[in-house]
Amino acid sequence: MEGLEKPGYVVWGEKLLEWYRANQRDLLWRERKDPYRVWISEVILQQTQVRQGAPYFERFVQRFPTVESLATASAEEVLLYWKGLGYYSRALNLHRAAQKILAEFGGNFPTEYQQILSLPGVGPYTASAISSIAFSQPVAAVDTNLYRVLARFFLCSVDISTSGAYRIFSELALKLMPKEWPGEFNQAMMDVGASVCKPLAPLCHECPLREGCLAFSRGTMEEYPVKQRKTKVSTISMQYYFVNDGLSYIIQQRSEKSIWKRLYEFPTEIEQKYQDRLLAPEILQHRLSHRVLNIRIDALVLSTWELEQWSKKEESIVVPYTESAGYSYPRPLERYLEKWLGSRS
DNA sequence: AACGCGGGGGG
DNA sequence: CCCCCAGCGTT
């Protein structure tokens with residue numbers, strides 16, 4: 001990595017801030033420096049793009065405006081506001097963290113970095129983001145944007161998926177940061193990374209850091225940052241039965257262990273005697289990051305009496321069509337339901 | 001250090 | 001079909 005003279009660091013940070021003051025995105029959670037709102041927004045935006053997360057933030061803080069309102073809600077309802085966003089343990093951790101804040105910090109959002117880091121679902125990045133934005137602590141929020149911007153500018157070839165990279169980049173960022181503006185600096189880094197220094201086809205012509213950027217001068221922007229290759233994609237098959245009587249259907253809750261934590265799904269098996277009453281199956285394909293799910297859904301229409309017998313089985317829940325929205329479903333099942341219920345009216 | 005964990009969008 | 005994204009927790 002090429003060095004930068006001491007005075008150069010100061011100029012770097014100030015150039016970035018100057019650009020940020022003129023070009024920052026106006027986002028809902030930037031209106032106030034309320035640690036609660038910063039926290040919620042940061043968790044929503046973990047591995048999630050602003051466009052996708054913004055509507056969720058608005059709904060979430062409207063329903064749960066304070067730590068206490070979140071802590072005293074049911075996990076079930078919190079999940080309902082997370083439905084469709086993915087990475088569902090984030091919602092469950094948010095809920096647990098709110099209860100921890102209530103129990104251990106008297107309902108006041110903790111102000112110390114180490115305390116913030118101790119909250120479930122809050123890692124080094126999120127703790128730094130909250131500390132810097134809400135409490136003006138001089139710590140670097142090391143996310144993929146920061147890796148990309150700095151790796152390109154300084155032509156740094158360290159593999160960002162290794163643990164050593166975190167320390168190198170956070171120390172470098174701290175040198176570049178004007179210490180009076182830690183929150184602004186971190187958010188400026190995110191905005192430059194998101195809207196200018198993009199992973200592919202970066203807009204170098206409008207970059208405030210173009211001058212001095214080593215990757216730009218060599219035309220090798222897209223080769224940075226260096227990241228280890230990902231694992232291969234695997235395929236998994238799933239079988240569901242949509243058991244209904246024309247008015248209600250059967251669901252069960254998934255465990256907290258694997259994919260789709262605590263969301264609701266259709267039964268995965270039926271008794272032998274129903275095998276010859278299945279309707280034509282629906283085949284859905286659902287792509288995840290490193291997996292492809294082939295989902296087969298067989299519809300089974302029972303009489304009201306038969307459905308009632310079924311519902312006596314352990315863990316099964318009968319849902320009237322009209323109350324379908326009261327439960328959180330994985331995306332593919334939600335789409336199946338919409339189609340089924342919609343076709344009836 | 002490597003992996004599981006979602007979903008939407010872009011080329 | 002691949003890639004990407006305001007990461008974290010577990011093993």
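A note on names: the letters A, B, ... follow the listed sequences, proteins ahead of strands, and every chain is numbered from 1. All heavy atoms count here, side chains included; hydrogens, waters and symmetry mates do not. The shown structure was predicted, so the numbers you read here are calculated from the model rather than taken from an experiment.
Residues forming a salt bridge (Lys or Arg N to Asp or Glu O under 4.0 Å) with R25(A) (at least two apart in sequence, or on another chain): D191(A). Take E271(A) and apply the salt bridge (Lys or Arg N to Asp or Glu O under 4.0 Å) test, not counting sequence neighbours, and it matches K273(A). Considering only residues two or more places apart in sequence or on other chains, R37(A) meets the salt bridge (Lys or Arg N to Asp or Glu O under 4.0 Å) condition with none of them. With sequence neighbours excluded, the residues satisfying salt bridge (Lys or Arg N to Asp or Glu O under 4.0 Å) with E282(A) are K339(A). Considering only residues two or more places apart in sequence or on other chains, S248(A) meets the side chain to side chain donor-acceptor pair (under 3.5 Å) condition with none of them. The side chain to side chain donor-acceptor pair (under 3.5 Å) search around Q239(A) returns D298(A), not counting sequence neighbours.
Here, dG11(B) and dA6(C) have their P atoms 16 Å apart, quoted to the whole Å. dC5(B) sits 22 Å from dC1(C) when the C1' atoms are compared, rounded to a whole Å. Taking atom C1' in both dG7(B) and dT10(C), the straight-line distance is 22 Å, to the nearest Å. Across the P atoms, dG6(B) and dT11(C) are found 16 Å apart, a figure rounded to whole Å.
One atom, CG of L85(A), and another, C1' of dC5(C), lie 12 Å apart when rounded to the nearest Å. Atom NZ in K227(A) sits about 16 Å away from atom C1' in dA1(B), given to the nearest Å. Between L117(A) atom CG and dC8(C) atom P there is a gap of 9 Å when expressed in whole angstrom units. Whole-Å rounding puts the R90(A) CZ to dG9(C) P distance at 12 Å. Whole-Å rounding puts the I236(A) CD1 to dG6(B) P distance at 12 Å. Summarising the geometry, the separation between CD on Q285(A) and C1' on dG7(B) is reported as 15 Å, rounded to the nearest angstrom. Between the CD1 atom of I295(A) and the P atom of dG6(B) there is a distance of 13 Å, rounded to whole Å. The NZ-P distance, from K198(A) to dG9(B), rounds to 16 Å in whole Å.
Pairing each heavy atom of V301(A) with each of R277(A), the nearest pair is O-NH2, 3.3 Å. Considering every non-hydrogen atom in both Y224(A) and A151(A), the closest pair reads CD2-O, 3.9 Å.
Against DNA chain B, the stretch residues 24-48 of chain A makes heavy-atom approaches under 4.0 Å through Q47(A), T48(A). Residues from residues 49-58 of chain A that place a heavy atom under 4.0 Å from any atom of DNA chain B, listed by number: Q49(A), R51(A), Q52(A). Proximity of residues 250-265 of chain A to DNA chain B (heavy atom under 4.0 angstrom from any strand atom) is restricted to S258(A), I259(A), W260(A).
At the heavy-atom level, S161(A) lies nowhere under 4.0 Å from the strands shown.
The side chain of H286(A) places an N or O atom within less than 4.0 Å of a non-bridging phosphate oxygen (OP1 or OP2) of dG7(B). Side-chain N/O atoms of R287(A) include none lying less than 4.0 angstrom from OP1 or OP2 on dG8(B). Using a 4.0 Å cut-off, no side-chain N or O of S89(A) falls inside it from OP1 or OP2 of dC8(C). Between Y87(A) and the phosphate of dC5(C), there is no side-chain N or O to OP1/OP2 separation shorter than 4.0 Å. Between dG7(C) and T126(A), no contact under 4.0 Å exists linking OP1 or OP2 to a side-chain N or O.
In the hydrophobic clustering, Y87(A) connects to no other residue, as no ILVMFWY side-chain heavy atoms lie under 4.5 Å from its own. Its side chain within the 4.5 Å cluster rule, Y113(A) clusters with L117(A) among the Ile, Leu, Val, Met, Phe, Trp and Tyr residues.
The aromatic rings of Y249(A) and Y321(A) are tilted relative to each other, their planes meeting at an angle between 30° and 60°. Taking the six-membered ring where tryptophan is involved, the planes of Y327(A) and Y329(A) are tilted, since the angle between them lies from 30° to 60°. The aromatic rings of F185(A) and W12(A) are tilted relative to each other, their planes meeting at an angle between 30° and 60°.
Along DNA chain B, the nucleotide nearest to L200(A) and the one nearest to R335(A) differ in position, and the one closer to the 5' end is contacted by R335(A). Annotation: of the two residues near DNA chain B, T162(A) and L288(A), the 5′-most nearest-nucleotide partner is T162(A).
Note that R21(A) lies in the cation-pi zone of W181(A), set by a 6.0 Å cut-off to the ring centre and a 45° limit from the axis. Both tests pass for K313(A) against the ring of W310(A): distance under 6.0 Å to the centre and angle within 45° of the axis.
Of all nucleotides listed (dA6(C), dA1(B), dC4(C)), dC4(C) comes nearest to the side chain of P199(A). Of the candidates dG8(B), dG7(C), dC5(B), the closest approach to any side-chain atom of R291(A) belongs to dC5(B).
Atom CG of L333(A) and atom CZ of F242(A) lie 10.0 Å apart (nearest 0.5 Å).
Helical stems in DNA chain B, defined as runs of 3 or more consecutive Watson-Crick or G-U wobble pairs with donor-acceptor distances under 3.5 Å: B:1-5 with C:7-11, B:7-11 with C:1-5.
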